[in-house]
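These numbers were taken from a predicted model, which means no experiment stands behind them. Below, chain A is the first sequence line, B the second, and so on; all start at residue 1.
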Amino acid sequence: MYALIDATSFYASAEKVFDLSIRKRPVVVLSNNDGCIVAASPEVKKLGVPKFEPYFKLKPILDKHNVVIRSSNYELYADLSDKMMAVINRFSDQHYVYSIDESFLKFDGYSDVVSSWYEYGHLIRRTVWRKTKLPVGVGFGPTPTLAKAANHAAKKFVGATGVAVIDSEKSRKQILANMAVSDIWGVGRRLTKQLKLFGIESALDLAKQNPKMMRKQFSVVLERTISELNGISCLSWDDVKQRKKEVFSTRSFGERVENPFALKASLVTHCSIVAKKLRKQGSLTKRLIIFAHSSPHEDNYYKRSFIQKLAVPSNDSMVFAKQVELVFSQLFQPGVRYYKAGIGAIELEDDMHQQIDMFNVSDDKPELMQCLDTINKRYGSSSLRVATELQSNQWQMKRDWLSRRYTTRWPEIPLIKCQ
DNA sequence: TCTGGGGTCCTAGGACCC
DNA sequence: TCTGGGGTCCTAGGACCC
């Protein structure tokens with residue numbers, strides 16, 4: 001049995017944890033740079049505000065309903081996420097954190113201990129709420145895809161209680177019949193449109209299709225989804241937990257950047273972020289993508305990108321930074337109003353199975369990186385940095401409605417006023 | 001006044017080679 | 001008589017997710 005647990009409108013709910021004055025009010029959270037709406041509390045969803053639309057387009061509606069606006073406070077969300085995951089972790093010996101607000105639990109041999117999954121789900125919900133003041137939904141199913149579907153039912157169906165279980169043919173059919181195909185994990189806009197041509201509207205319609213035929217017509221991915229919907233596990237636990245095959249760090253700028261120091265500082269910062277992610281999952285990269293471009297919404301769109309092959313696979317921040325240094329004079333074009341830049345690591349390898357280099361040309365300093373990670377983990381992620389990152393901060397993002405970082409900064413700790 | 005997220009994976013198509 | 005393969009690598013763009 002699998003469970004999928006996720007927080008309801010996580011960012012918006014996270015904003016409400018320490019700010020009681022907005023607990024009952026409609027709240028939206030904007031993406032980096034206050035660009036788009038990325039989270040909306042249930043009160044806002046009722047107004048029909050679409051997600052991922054630019055904020056400035058929806059401002060009139062939001063103002064009209066007196067909606068609270070917040071910038072992404074990623075430091076706060078990441079910390080609350082850690083706390084939430086720590087609580088969820090108690091409920092199974094197999095736990096995989098799938099995203100900042102979602103995680104899978106797997107239960108092998110729990111049937112003797114758990115008499116009712118439904119009750120168990122509510123126990124999880126209550127415990128997470130008591131410990132973190134975050135509302136979560138819990139879905140159980142025999143495959144990851146069905147657990148996802150149950151989670152959807154737990155939150156969206158009429159009379160939903162926050163927990164739903166698929167543990168019989170009856171419950172499976174009932175939930176899938178009431179679910180649109182577009183709500184299935186892995187079925188997006190395009191596929192929905194194509195499936196409609198086949199008369200496939202509900203999740204159950206899709207589940208009834210012949211997997212082999214659908215593979216021919218569409219893809220292996222859809223074949224797997226169909227099997228999963230029928231309770232046949234295709235995504236093994238290891239698949240779900242698979243290492244990333246590529247890792248990126250990109251950011252658009254708060255204001256257009258024309259200063260080369262600012263552009264370089266941003267790229268080197270992305271190097272550090274990517275390298276850290278690689279070290280965390282135990283990977284090395286053979287190739288690095290380095291890119292920067294102007295706004296695609298403006299005239300004279302300018303984009304350059306470089307693919308750098310590394311002599312020896314690496315996950316060293318300094319080695320990556322050196323690659324930026326190598327291409328920078330070709331990358332930077334004076335007069336271009338840069339809008340966004342980033343770094344990507346592609347062609348990843350396992351760092352445990354590396355061939356030793358005969359000529360020892362590697363510049364990697366694993367001990368230094370380990371030391372850097374340890375210090376940054378203990379004293380905050382920006383304690384120790386590559387000097388180039390600090391040459392300019394003119395590329396930082398815009399965050400006009402940032403809340404306090406209640407749990408990670410002493411000066412911003414919540415205050416309780418006593419009368 | 002002007003404003004438009006971030007991450008990962010897959011696929012189609014072209015270049016190039018034998 | 002008329003016809004013409006298959007593999008690898010690279011890249012851009014798109015699909016999908018949150």
Any side-chain N or O of K340(A) under 4.0 Å from OP1/OP2 of dG6(B)? yes

Is the distance from OP1 or OP2 of dG14(C) to the nearest side-chain N or O of R189(A) less than 4.0 Å? no

Between C1' of dC18(C) and OH of Y98(A), the distance in whole Å: 8 Å

Nearest-neighbour nucleotide for the D101(A) side chain, dG7(B), dC18(C), dT8(B) considered: dC18(C)

Are the aromatic rings of W395(A) and F261(A) close, with centres under 6.0 Å apart? no

Rounded to whole angstrom units, what separation is found between the CZ atom of R304(A) and the C1' atom of dT11(C)? 15 Å

Heavy-atom nearest nucleotide on DNA chain B for P54(A) versus V221(A): which residue maps closer to 5'? P54(A)

How would you label the contact of K309(A) with the nucleic acid (heavy atoms, under 4.0 Å): base, sugar-phosphate, or nothing? sugar-phosphate

Within the 4.0 Å heavy-atom criterion, would you say S219(A) contacts the bases, only the backbone, or no part of the nucleic acid? nothing

Of the options dC9(B), dG4(B), dG5(B), whose atoms approach the side-chain atoms of F52(A) most closely? dG5(B)

Which one, dC17(C), dA15(C), dT8(B), comes nearest to the side chain of R190(A)? dA15(C)

Relative to the ring of F107(A), is the ring of W117(A) parallel (under 30°), tilted (30 to 60°) or perpendicular (over 60°)? tilted

At under 4.0 Å between heavy atoms, what does E255(A) touch on the DNA or RNA strands: base, sugar-phosphate, or nothing? nothing

May I ask you to check whether over 12 heavy atoms, not counting those of F157(A), lie within 6.0 Å of atom CZ? yes

Would you say the base of dC16(C) stacks on W185(A) (centre-to-centre below 5.5 Å, plane angle below 30°)? no

From the set dT11(C), dC17(C), dC16(C), return the single nucleotide nearest to any side-chain atom of K148(A). dC17(C)

Each base of DNA chain B marked ( ) or [ ] if paired in-strand (Watson-Crick or G-U under 3.5 Å), | if paired to another strand and . if unpaired gives ....||||||||||||||

Between dC18(C), dG7(B), dG4(B), which one does the side chain of C36(A) approach most closely? dG4(B)

Are OP1 or OP2 of dC10(B) and a side-chain N or O of K245(A) less than 4.0 angstrom apart? yes

Given dC16(C), dC18(C), dG7(B), which nucleotide is nearest the side-chain atoms of S99(A)? dC18(C)

Report the distance from atom CD1 of I346(A) to atom P of dG7(B), rounded to the nearest whole Å. 16 Å

Which nucleotide in the set dG6(B), dC9(B), dC18(C) lies at the smallest distance from any side-chain heavy atom of K244(A)? dC9(B)

Salt-bridge contact D363(A)-K365(A) (side-chain N to carboxylate O under 4.0 Å): no

Given dC18(C), dG6(B), dT8(B), which nucleotide is nearest the side-chain atoms of S252(A)? dG6(B)

Looking at dG5(B), dT11(C), dG6(B), which one has an atom nearest to any side-chain atom of I307(A)? dT11(C)

Calculate the interatomic distance between H152(A) atom NE2 and dC17(C) atom C1'; express it in whole Å. 15 Å

Just how far, in rounded Å, is P of dC16(C) from NZ of K51(A)? 17 Å

Which part of the nucleic acid, if any, lies within reach of G186(A) when heavy atoms closer than 4.0 Å are counted: base, sugar-phosphate only, or nothing? sugar-phosphate

Are the aromatic rings of Y120(A) and Y110(A) close, with centres under 6.0 Å apart? no

Within the 4.0 Å heavy-atom criterion, would you say Y339(A) contacts the bases, only the backbone, or no part of the nucleic acid? sugar-phosphate

Would you classify L191(A) as touching base, sugar-phosphate or nothing, given that sugar-phosphate means primed atoms plus P, OP1 and OP2, and contacts are heavy atoms under 4.0 Å? sugar-phosphate

Distance-only, no hydrogens or angles: does the S72(A) side chain make a donor-acceptor pair with backbone N or O of L30(A) under 3.5 Å? yes

Take the angle between the ring planes of Y77(A) and F10(A) and call it parallel below 30°, perpendicular above 60°, tilted in between. perpendicular

How many whole angstroms separate atom CD of Q194(A) from atom C1' of dA15(C)? 11 Å

Answer with base, sugar-phosphate or nothing: what part of the nucleic acid does E53(A) contact at a heavy-atom distance below 4.0 Å? nothing

Rounding to a whole Å, what distance do you find between F218(A):CZ and dA15(C):C1'? 14 Å

Are E347(A) and K309(A) ion-paired here, with the side-chain N under 4.0 Å from a carboxylate O? no

May I ask you to decide whether K155(A) forms a salt bridge with D6(A), counting only side-chain N to carboxylate O separations under 4.0 Å? yes

Could you please name the option among dG4(B), dT8(B), dG5(B) that lies closest to any side-chain atom of S31(A)? dG5(B)

Send over the distance from N33(A) CG to dG6(B) C1', rounded to a whole Å. 11 Å

